[in-house]
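Written below as structure tokens is the structure these notes are about.
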Amino acid sequence: MGGFTLCGRVLCLLLWGSALALIGPLNLSVLAAESSQTKPPSFLLLREKGLDGLGYFSSLSLAAKFPEDLEITEDCLKLLHVFGQRYVDVVNCLVSSARPVEVCQNCYGAYSSFNETYSNITSDTMGTKNNSCQESLMQSDRLMLLYSLYSSLHDIWESADCTSCLTKDHKSLLNSTLNFISSHNSTLSCFEKYQGNHSELCTECKVTYKRLNELYSNLEKNWSLCIDIEDAMNVTRRLWSKNFDCSVLREEAVPVIAVSSFMLFLPVIFYLSNFLHSEQKKRKLIHPKRAKSNHSLMNIQDKFS
């Protein structure tokens, strides 16, 4: 009886041990699954860090240095930096001078410096003997960014005809341009002074406005017009005629008006002269009939006598 009890106990212990052996790996797998749900795998964490710009991938970049035969010289890098600064100066000046248009008179200094820097880059005097700045900065890639930037500003400058208002060295405005600017400012001052009374404005500002038109006509004949002068004259004429309802008889319009008036009265003169000529002709035709009738009457009287 005691032996049987001992065997039963041993059997229970064996069954209990096997149960623990089966349950233990199951619990570990469940815990591992739970931990995998709460914490992502390591490669996902690495990818997330890379997307946030704080991980491994953020440190990747193109090589900062090139082989010695392709490396840009220090002089060329300085020119590149100056080119960028002067490009920004020109763009800022153009934007601030867009309205009213004062591009040529305000930006010729900045554009001249920018053009000079570009000329230094494209010349063969800068850089090393084996590699000039023109080759390393202008012709080393398909984009040719510096040339595109220069071309965009050059096209704007040429379309504005700024060279027509500048001296040959492009370092100052022409005297004719300065005279027009002075006359234009005087005209606008007169407009501002009498803008409350348009009829008085048309009378008092007539001389200054007429002088401004004469200066503009002379500049137009000499091909000395730039966008600043053209826009200023257009705005002034619009103020004079549309806003203030004034008018000035231009000298070149006098012959046109005279010829138009003559052509208008030409039919009247023609018909009037034709009428007078026909009346005179009728009188000439009637005169012989009267003379003939008087002669026949005299013959009758002679017969009866």
Side-chain angles (χ1 to χ4, degrees), residues 82-119 147-195 198 201-202 204-253:
V82 173
F83 178 88
Q85 287 182 331
R86 293 183 175 177
Y87 178 86
V88 172
D89 293 340
V90 176
V91 172
N92 289 336
C93 183
L94 292 176
V95 173
S96 60
S97 303
R99 296 303 309 169
V101 181
E102 297 176 349
V103 171
C104 301
Q105 55 186 312
N106 291 342
C107 303
Y108 69 87
Y111 182 79
S112 179
S113 300
F114 170 75
N115 196 38
E116 181 180 356
T117 303
Y118 182 80
S119 299
Y147 174 77
S148 299
L149 294 175
Y150 171 79
S151 297
S152 62
L153 292 185
H154 179 73
D155 293 341
I156 294 174
W157 196 256
E158 289 296 323
S159 62
D161 290 327
C162 289
T163 54
S164 300
C165 293
L166 301 174
T167 56
K168 292 182 179 180
D169 56 0
H170 295 177
K171 293 184 178 180
S172 62
L173 295 172
L174 292 172
N175 292 331
S176 58
T177 303
L178 294 174
N179 292 334
F180 178 86
I181 294 174
S182 177
S183 179
H184 178 259
N185 293 337
S186 300
T187 305
L188 292 184
S189 298
C190 187
F191 287 174
E192 186 177 0
K193 183 178 179 180
Y194 297 101
Q195 63 180 347
H198 289 182
L201 184 146
C202 297
E204 297 295 332
C205 301
K206 181 178 180 180
V207 176
T208 56
Y209 179 76
K210 187 177 180 180
R211 170 175 168 75
L212 184 67
N213 272 287
E214 291 175 354
L215 290 175
Y216 183 83
S217 299
N218 293 333
L219 292 174
E220 190 175 15
K221 292 177 182 178
N222 297 329
W223 298 92
S224 299
L225 293 179
C226 58
I227 187 62
D228 295 18
I229 296 178
E230 292 177 4
D231 184 75
M233 195 67 232
N234 289 335
V235 172
T236 307
R237 285 176 174 174
R238 187 162 58 248
L239 288 173
W240 178 262
S241 59
K242 185 176 180 181
N243 293 45
F244 303 137
D245 197 20
C246 301
S247 61
V248 173
L249 184 61
R250 301 176 64 180
E251 293 181 359
E252 56 267 24

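Counting begins at 1 with the first residue of the sequence.
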*Those residues that, when tested against Asp89, pass salt bridge (charged side-chain N to carboxylate O under 4.0 Å, His left out) (two or more places apart)*: none
Expected list for residues 163-174: side-chain donor-acceptor pairs under 3.5 angstrom, two or more places apart:
unit_1	atom_1	unit_2	atom_2	d
Thr167	OG1	Asp169	OD1	2.5
Thr167	OG1	Ser172	O	3.3
Thr167	OG1	Ser172	OG	3.4
Asp169	OD1	Lys171	N	3.3

*Return yes if some donor-acceptor pair links the side-chain N/O of Ser96 with the main-chain N/O of Cys93 below 3.5 Å, else return no.*
yes
*Hey, mind stepping through Ser247 and Ser241 against side chain to side chain contact (heavy atoms under 4.5 Å, CB included) and telling me if it holds?*
CA-CA 6 Å; Ser247 61; Ser241 59; over 6 Å; no
*Using a 4.5 Å cut-off on heavy atoms from C-beta on, say whether the side chain of Ile181 contacts that of Gln105.*
yes
*After noting the C-alpha distance and the side-chain angles of Val90 and Trp157, does the key distance pass the side chain to side chain contact (heavy atoms under 4.5 Å, CB included) rule?*
CA-CA 10 Å; Val90 176; Trp157 196 256; over 6 Å; no
*Apply side chain to side chain contact (heavy atoms under 4.5 Å, CB included) to Arg237 and Tyr216, showing your working.*
CA-CA 11 Å; Arg237 285 176 174 174; Tyr216 183 83; 3.7 Å; yes
*Carefully, step by step, assess Cys104 and Cys162 under the rule disulfide (SG to SG under 2.5 Å).*
CA-CA 5 Å; Cys104 301; Cys162 289; 2.0 Å; yes
_Please list all pairs meeting salt bridge (Lys or Arg N to Asp or Glu O under 4.0 Å) that have one or both residues in residues 174-185, counting only residues at least two apart or in different chains._
none
*Quick one: ring pair (Phe, Tyr, Trp, His ring centres under 6.0 Å) partners of Phe83, sequence neighbours excluded?*
Phe114
*Heavy-atom side-chain contact between Tyr87 and Val91 under 4.5 Å*: yes
Under 3.5 Å, sequence neighbours excluded: what are the donor-acceptor pairs made by side chains of residues 219-226?
unit_1	atom_1	unit_2	atom_2	d
Asn222	ND2	Asn218	O	3.1
Ser224	OG	Asn222	O	3.3

*Residues that Tyr111 engages under side chain to side chain donor-acceptor pair (under 3.5 Å), provided they are two or more places apart*: His154
*Would you please name every residue forming a side chain to side chain contact (heavy atoms under 4.5 Å, CB included) with Cys246, sequence neighbours left out?*
Leu201, Cys202, Trp240, Phe244
*Should Asn106 and Leu94 count as side-chain neighbours, where that means a heavy-atom distance under 4.5 Å?*
no
*What heavy-atom pair brings Cys205 and Thr208 nearest, and what distance separates the two atoms?*
O-OG1, 3.1 Å
*If you round to the nearest 0.5 Å, how far is CG of Leu212 from SG of Cys190?*
11.5 Å
*Scan residues 150-166 for pairs that pass salt bridge (Lys or Arg N to Asp or Glu O under 4.0 Å), counting only residues two or more places apart or in two chains.*
none
*For Gln85, enumerate each residue passing the side chain to side chain donor-acceptor pair (under 3.5 Å) test, keeping only those at least two apart in sequence or located in another chain.*
His81
*Just jot down the ring pair (Phe, Tyr, Trp, His ring centres under 6.0 Å) partners of Tyr118, sequence neighbours excluded, or say none.*
Tyr150
*Roughly how far apart are Leu239 CG and Gln195 CD, rounded to 0.5 Å?*
10.0 Å
*Side-chain (Asp245) to main-chain (His198) donor-acceptor, under 3.5 angstrom*: no
_Qualifying side chain to side chain donor-acceptor pair (under 3.5 Å) pairs with a residue from residues 178-189, counting only residues at least two apart or across chains_ = His184-Thr236
*Does anything in residues 90-118 pair up under salt bridge (Lys or Arg N to Asp or Glu O under 4.0 Å), and if so which pairs, sequence neighbours excluded?*
Arg99-Asp231
*asked:* Under 3.5 Å, is there a donor on one side chain and an acceptor on the other for Arg86 and Asn115?
replied: no
